[in-house]
**Q** 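Got a structure here, written out as structure tokens. Questions coming.
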Amino acid sequence: MIRAQITTPWTGTGAADDENRPHLAGAYALSSWTDVTGQQNVVPDPNLYTVEITCTQAVYDAIAADPAYDVLWAEPLEERIEP
């Protein structure tokens with residue numbers, strides 16, 4: 001698994017049935033994502049913010065190759081083995 005911070009635009013109208021969310025989350029199968037910009041649920045101008053994600057290596061490789069997103073940093077997560 002990989003943990004990374006990536007810039008992405010918002011998508012969604014903000015309505016209850018179409019909440020604001022990162023475009024990246026709809027485009028790729030992420031294990032998790034968190035808004036790390038700390039902004040309110042309002043689309044910024046320009047429409048760009050930063051999320052921290054976890055995903056598989058294959059998904060990360062696809063995101064890193066996609067010119068729609070900028071990877072700020074990435075690191076492998078250590079796999080924990082439960083006793």
**Q** What are the two closest heavy atoms between A74 and A4, and how far apart are they?
**A** CB-CB, 3.8 Å

**Q** Can you name the nearest heavy-atom pair linking R21 to W33, along with the distance?
**A** CB-CZ2, 4.3 Å

**Q** Return a table of donor-acceptor pairs under 3.5 angstrom between the side chains of residues 57-67 and protein atoms on other chains or two or more places apart.
**A**
unit_1: Q57; atom_1: NE2; unit_2: D61; atom_2: OD1; d: 2.7
unit_1: D66; atom_1: OD1; unit_2: A68; atom_2: N; d: 2.9
unit_1: D66; atom_1: OD2; unit_2: Y28; atom_2: OH; d: 2.7

**Q** Kindly compute the distance separating SG (C55) from CE (M1), expressed to the nearest 0.5 Å.
**A** 6.5 Å

**Q** Check D35, T7, I6 against T50 for a side-chain contact (heavy atoms from CB on, under 4.5 Å) and give me the one that passes.
**A** T7

**Q** Could you give the distance from OG1 (T37) to CG (L48), rounded to the nearest 0.5 Å?
**A** 9.5 Å

**Q** Can you name the closest pair of heavy atoms from P22 and T8 and give their distance?
**A** CB-CG2, 3.6 Å

**Q** For A15, enumerate each residue passing the side chain to side chain contact (heavy atoms under 4.5 Å, CB included) test, keeping only those at least two apart in sequence or located in another chain.
**A** T13, D17

**Q** Can you give me the closest heavy-atom contact between P76 and I2, atom names plus distance?
**A** CA-CD1, 3.9 Å

**Q** If a pair satisfies salt bridge (Lys or Arg N to Asp or Glu O under 4.0 Å) and one of its residues is in residues 46-55, list it, with sequence neighbours excluded.
**A** R3-E52

**Q** Please enumerate all residues that pass side-chain hydrogen bond (donor to acceptor under 3.5 Å, both in side chains) together with T54, with sequence neighbours excluded.
**A** S32

**Q** Does Q5 reach the side chain of V51, with side-chain heavy atoms less than 4.5 Å apart?
**A** no

